[in-house]
Amino acid sequence: MTRTSSHLLLLACAICAIACTDKNVKTASGNVPFNDVSPLITNIGARTSYSLDGAWKYIADPQRIGYYNYRNKPLAPGSNYFADRSSTADPTALVEYDFDLADSLAVPGDWNTQKEKLYFYEGMLWYRKKFNFEPAEGKRYFLYFGAVNYEAVVGLNGKEIGHHTGGFTPFDIEVTGKLRSGSNSLVVMVQNDRRKEAVPTDITDWWNYGGITRSVKLVEVPENFILDYSVQIRSGDGGNEIYGWVKTDGNAEGATVSIPELGKSVKADATGGFSFAAEPELWCPENPKLYDVIIETASDKVADRIGFRFVETKGKKLLLNGKEIFCKGVSIHEEQIGMGGRVTSREQCRALLDEAAAMGCNFVRLAHYPHNEDMVRLAEEMGIMVWSEIPVYWTIDWNNQGTFDNAATQLTENITRDRNRANIIIWSVANETPISEERNSFLFKLIDRAHELDGTRLVSAAMEVKDLGGGHVTVDDPLIAKTDLISFNEYMGWYWGSSRICDTTYFTFEAEKPVFISEFGAGAVAGRHGDVSARWTEEYMEDLYVRNTGMLENRVDGLVGTTPWILKDFRSTRRHLTGTQDDYNRKGLISNMGVRKSAFYVMKDWYSKK
């Protein structure tokens with residue numbers, strides 16, 4: 001169904017255009033469109049919805065026979081797995097697959113940690129969910145996927161209805177008129193094979209968890225509904241001002257924005273824009289104040305909780321609400337404490353954030369991809385600021401236009417979902433990307449895109465250091481000309497000398513900008529003890545953290561925050577050392593089972609004094 005909007009600001013138009021960019025770009029498989037989904041419905045938790053989580057049938061398909069024939073061509077409709085045939089329906093037919101007889105996987109969840117035989121599996125896997133539903137007259141319906149890693153082709157009742165590429169951002173597909181009254185069959189083909197042209201690329205340092213990793217919902221909205229909105233604060237001539245826009249789908253007119261606690265209610269203009277004078281309490285880590293905000297039209301109503309704050313830099317200072325702030329942070333992967341696997345619940349998010357808070361953190365870097373919406377909203381409620389990142393990681397295909405379009409779409413989907421979250425203060429466009437002209441052009445465009453989509457936050461990237469000799473270290477990266485921070489990863493004492501190197505290293509920078517250390521750290525096995533010079537012991541890791549924090553405290557001018565690598569040991573297929581790594585990156589300040597290492601308390605002590 002063609003979708004129209006009645007209220008569009010220029011910015012909203014840009015967002016829609018970007019989200020729908022290049023739908024005919026081919027994937028690495030060459031057979032399905034890059035993306036063919038609806039513009040994103042935001043604040044999905046406030047909509048009327050029906051959960052499709054739970055047990056889904058699955059069929060692993062390493063040869064892709066459910067979609068392609070032996071000539072690697074797509075099968076005709078009715079002969080591929082979207083048809084969901086039964087082996088018992090017609091005993092005379094040759095049927096070589098049957099979802100009814102297949103094993104099940106939990107959704108949300110990754111397949112690698114649910115089934116031992118799928119632990120290392122990368123490739124194609126088919127999911128099937130049957131559900132009963134009675135569509136209501138005068139309503140529209142959308143299938144909403146929180147995330148599917150990495151490529152999803154969705155079929156409903158035997159017909160393909162949409163495609164999405166990107167493993168960590170949400171998407172929705174309109175199914176109005178396609179739902180049956182009664183039984184429905186939803187089939188999702190998922191591919192997580194790694195590709196040079198993909199974002200992230202074919203080499204990463206985290207586990208490539210495949211599957212429908214976040215919740216699936218059937219969302220019900222009116223025929224004319226509120227699609228998206230932005231509610232922000234800015235300084236005006238006579239004081240502060242709440243401003244933004246409302247974007248509707250269909251013929252909805254006259255949106256109203258209300259904040260009851262402030263006694264404010266204002267009608268949006270013909271373009272969807274609005275503004276009004278207000279002096280709200282400002283969100284900050286010590287007082288994470290959120291206001292009930294109601295967006296309403298004649299046919300629809302959406303409620304949200306939104307905080308207001310100012311973020312800016314001034315010379316080498318980082319200012320929140322006009323005051324200097326130090327980001328006492330830690331990096332986090334979206335992997336649950338315990339036996340691992342993708343985070344699948346609000347409680348698992350809370351467990352990770354509770355550990356960060358116990359260390360004294362007021363900030364988290366959600367690496368290296370957009371984390372789930374619960375993680376961001378919980379952090380906001382807890383007064384924890386956020387660095388939010390897309391997986392432009394290491395050496396992706398800088399010369400491939402499709403790769404850039406993919407990265408730009410993921411950035412847009414991430415900002416679209418979370419633009420109203422007060423705690424996000426930094427959008428990051430990349431991590432540890434080697435400098436080249438092609439890379440610079442690619443990332444310059446992403447930085448510009450981020451600023452265009454959201455002018456209320458800082459934009460940066462995790463860069464790399466350069467050794468100038470004689471203990472002198474700097475960051476000499478063209479990105480600094482466009483980023484709001486000099487943010488970089490340094491592994492003094494781990495990949496670069498012993499921990500004692502920190503005692504004689506000093507940093508200098510040409511740019512007058514705040515400095516943010518996005519990674520530093522070392523690996524240790526929780527409970528392994530030995531001489532302070534022995535790698536993989538808690539003693540070595542503790543010593544490295546003591547020396548690193550001393551170096552950063554005393555020899556980095558303009559330091560405004562750190563996010564050591566990383567909160568928790570996490571799975572990685574690059575980490576093979578038997579008896580030590582065992583498929584885990586061991587740089588966690590706590591173990592994968594949640595045991596705190598000695599270095600955890602070094603950071604806790606340092607942060608308590610900041």
Side-chain angles (χ1 to χ4, degrees), residues 23-37 56-87 93-105 107 109-112 114-129 143 145 147-167 171 173 185-204 207-213 216 397 400 402-403 406 573:
K23 290 189 176 181
N24 294 320
V25 173
K26 300 298 182 181
T27 64
S29 66
N31 291 302
V32 296
F34 168 67
N35 266 352
D36 185 15
V37 297
W56 289 52
K57 297 290 188 176
Y58 81 93
I59 299 172
D61 189 9
Q63 293 192 43
R64 308 187 301 172
I65 59 174
Y67 200 83
Y68 310 119
N69 66 19
Y70 69 95
R71 294 188 177 93
N72 201 31
K73 302 292 184 181
L75 295 173
S79 60
N80 57 36
Y81 282 9
F82 293 117
D84 190 11
R85 293 175 295 177
S86 170
S87 59
L94 177 59
V95 177
E96 295 186 300
Y97 74 93
D98 189 336
F99 281 109
D100 288 338
L101 303 177
D103 197 1
S104 297
L105 287 166
V107 171
D110 62 89
W111 64 56
N112 309 85
Q114 293 192 56
K115 302 292 178 181
E116 185 177 358
K117 63 184 178 181
L118 299 177
Y119 181 64
F120 284 110
Y121 183 65
E122 294 181 330
M124 183 178 287
L125 187 143
W126 296 78
Y127 286 83
R128 198 281 311 271
K129 178 76 170 182
L143 285 170
F145 294 83
V148 177
N149 191 37
Y150 170 72
E151 181 180 356
V153 182
V154 182
L156 181 66
N157 298 324
K159 295 181 179 180
E160 293 181 38
I161 59 171
H163 315 81
H164 183 265
T165 301
F171 63 96
I173 302 170
S185 174
L186 176 60
V187 176
V188 183
M189 183 275 282
V190 181
Q191 289 191 102
N192 76 326
D193 49 315
R194 290 168 292 112
R195 309 167 188 171
K196 180 178 182 296
E197 301 83 2
V199 182
T201 186
D202 52 355
I203 300 176
T204 62
W207 204 272
N208 183 26
Y209 289 116
I212 304 175
T213 56
V216 183
D397 193 351
N400 188 313
T403 302
N406 186 345
T573 50

Establish, yes or no, whether a centroid distance under 6.0 Å links the rings of W56 and F99.
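They do not qualify: ring centres at least 6.0 Å apart.
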
Centres of the Y58 and W111 rings: under 6.0 Å?
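Ring-ring flag for Y58/W111: false, centres at least 6.0 Å apart.
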
Rounded to the nearest 0.5 Å, how far apart are [atom1] of [X] and [atom2] of [Y]?
X: L125; Y: Q191; atom1: CG; atom2: CD; answer: 10.5 Å
X: R195; Y: N400; atom1: CZ; atom2: CG; answer: 12.0 Å
X: D61; Y: M189; atom1: CG; atom2: CE; answer: 9.0 Å
X: I65; Y: N80; atom1: CD1; atom2: CG; answer: 12.0 Å
X: Y209; Y: L118; atom1: OH; atom2: CG; answer: 13.5 Å
X: D110; Y: I212; atom1: CG; atom2: CD1; answer: 12.0 Å

Side chains of E122 and N208: donor-acceptor distance under 3.5 Å anywhere?
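E122 vs N208: donor-acceptor pair found between side chains.
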
Are T403 and D397 close enough that a side-chain donor and a side-chain acceptor fall under 3.5 Å?
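No.
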
Least distance between heavy atoms, V37 atom then H163 atom:
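Closest approach of V37 to H163: CG1-O, 2.9 Å.
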
Please give me the minimum heavy-atom distance between G167 and T213, naming the atom from each residue.
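That closest heavy-atom pairing would be O-OG1, 4.4 Å.
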
D84 and salt bridge (charged side-chain N to carboxylate O under 4.0 Å, His left out): which single residue from K57, K159, R128 fits?
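Running salt bridge (charged side-chain N to carboxylate O under 4.0 Å, His left out) over K57, K159, R128 with D84 returns exactly one hit, R128.
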
F82 and W126 aromatic ring geometry - parallel, tilted or perpendicular at 30°/60° bounds
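The arrangement is perpendicular - the two ring planes meet at more than 60°.
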
Main-chain N/O of G123 paired with N192 side-chain donor or acceptor, under 3.5 Å:
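Yes, N192 side chain to G123 backbone: donor-acceptor pair under 3.5 Å.
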
Counting distance only, does the side-chain N/O of N157 pair as donor-acceptor with the main-chain N or O of S185 below 3.5 Å?
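Yes.
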
Validation row: [X], [Y] side chains within 4.5 angstrom (heavy atoms):
X: L143; Y: I161; value: yes
X: Y67; Y: M124; value: yes
X: V154; Y: V148; value: no

Sole candidate of Y97, Y68, Y127 that passes ring-ring contact (aromatic ring centres under 6.0 Å, His included) when paired with Y81:
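It is Y97; the other options fail the test.
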
